[in-house]
Amino acid sequence: MPASLSGQSFEALALPLLPALYRHALWLCRDPFEAEDLIQETIFKSLRAFGSFQQGTNFKAWVFRILRNTFLTSRTAIAAGRTVSLEEHVEESEIPAISLTPEEHLLRLGDQASIQEALDRLSPPLREVLLLCDVEEMKYKDIAEVLNVPLGTVMSRISRARRALFELLHTEFEGKL
Amino acid sequence: MTELTAHAKHLESEEISAFVDGELAAAAADRLGAHLEVCHNCALRVVAVVQLKKATARAGDRYVASPDVLARLSANLGGEGAESPGARRNDRPLRQFSFRPVFRWTALAAAVLLAVVLVGLWGRRQPNALTAELLDQHLAALSSGATPQVLSSDRHTVKPWFQGRLPYSFNLPEPNALPADTVLRGADLAYIEGKPSALLLFSIHKHEVSVFLTKRTDGFNLPEKSVRNGFAMRSVTTAELRLTAISDVNPAELEALVNCLAKVQ
């Protein structure tokens, strides 16, 4: 593929994704300068590897995977220990069974500030899968490709992430009473 | 509604999440749907997860790239001459990329200017077609033969009618929170550029008002204020919705109504 044609195709695919890439990078890095650097590096690597991208498959999942892998191997992320936390396994036992009624769940969802705080406090692996599902609106199979995990793992993580969020909201709600 | 039989169990949380995310196969989704018809507890759990999903999407969407950041990022998408990682910017000593040569900034500035002009030309055409469509729907609602699907001033009747008809929800203010002499008359389901929209019908004094509620992410390009064929139009956005009101009433009163509706979303 001629260099100029491949460049145009990559740009047409990547340009609409820049806001989403930046949003997700900022969630990973928690620093705007680092996030911008992360995306610059991701763009560079994606462009270099574009020849291996299979046209017709999900470009968003492909480039998000590169973004994530780039983050995991970045010097700052390793130094901060964030890669370990992102790759940690979330044990089922870490999420206590809560006995809220559905009505009580609904009561806690009206407080946007509490939702944001709970999302911040969620463990990184659970937050990451929830962001890819609910914010980036990816299908489970695409999330599995980004995270390089089986589809079943994605399903169980999303379910556990939501249960964990309900538990965090319950804790915050009780604390405010 | 039949009682949940002894051998039927409640849904697993994974099933509920997959159902809400649209990831269940059709047959499994049908079975789950049948269970929800008879199980109040699971139905509420589904509602809770739907609301949590929406709340998470709102909370997770808080980081927005500035135009400067987007301009810098998109400058590298062309590929040719892209700087390799490893060089450092003088003003950010820990960063990995060098800044572009000066001549590339000039080329970038020219490209951005051209893009702005083209987008401006394209943008001027699109809102005209969209405002025309909305005005047509408003006029159709005014016609003597039109009967909306919901004829009610009760928000507890109007709002639930839209459940299952729209991929989003909205709130309605209490009657005493509406501007003076403003009454909810009814509602209908409209389609704008093929996408479902809530159409709320109000009256302000003796003037009829149509308010279209669409998803903000539908990308409708509408000016905040405009006038077309003697009808005023006001459009505002909230976190998730765009509200567009049309009427021949005083524009200030129209704006007061649409702001009142936006406030409760």
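Each chain gets a letter, A, B and so on, in the order its sequence line appears, and its residues count up from 1.
Checking side-chain atoms of A/Asp134 against main-chain N and O of B/Ala57 turns up no donor-acceptor pair under 3.5 Å. Side chain of B/Arg216 to backbone of B/Arg242: no donor-acceptor contact under 3.5 angstrom is found.
Heavy atoms closer than 4.5 Å to chain A are found in the backbone of B/Val64, but not in its side chain. Within the 4.5 angstrom heavy-atom criterion, atoms from both the backbone and the side chain of A/Leu18 approach chain B.
When A/Leu26, A/Ile158, A/Leu15 are compared by the number of non-hydrogen pairs under 4.5 Å with chain B, A/Leu26 comes out ahead.
Not counting sequence neighbours, the partners of A/Arg127 by the side-chain contact (heavy atoms from CB on, under 4.5 Å) test are A/Trp27, A/Arg30, A/Leu119, A/Leu122, A/Pro124, A/Leu131. For the ring-ring contact (aromatic ring centres under 6.0 Å, His included) test, no residue two or more places apart in sequence or in another chain qualifies with B/Tyr168.
Scanning residues 20-29 of chain B against chain A with a 4.5 Å non-hydrogen threshold yields B/Asp21, B/Gly22, B/Glu23, sorted by number.
Pairs passing the salt bridge (charged side-chain N to carboxylate O under 4.0 Å, His left out) check and including a residue from residues 49-62 of chain A, sequence neighbours excluded, read A/Lys60-A/Glu136.
Below 30°, between 30° and 60°, or above 60°: for A/Phe53 and A/Phe50 the angle between ring planes is below 30°, a parallel geometry.
The two residues A/Cys133 and A/Tyr140 come nearest to each other via the heavy atoms SG-CE1, 4.1 Å.
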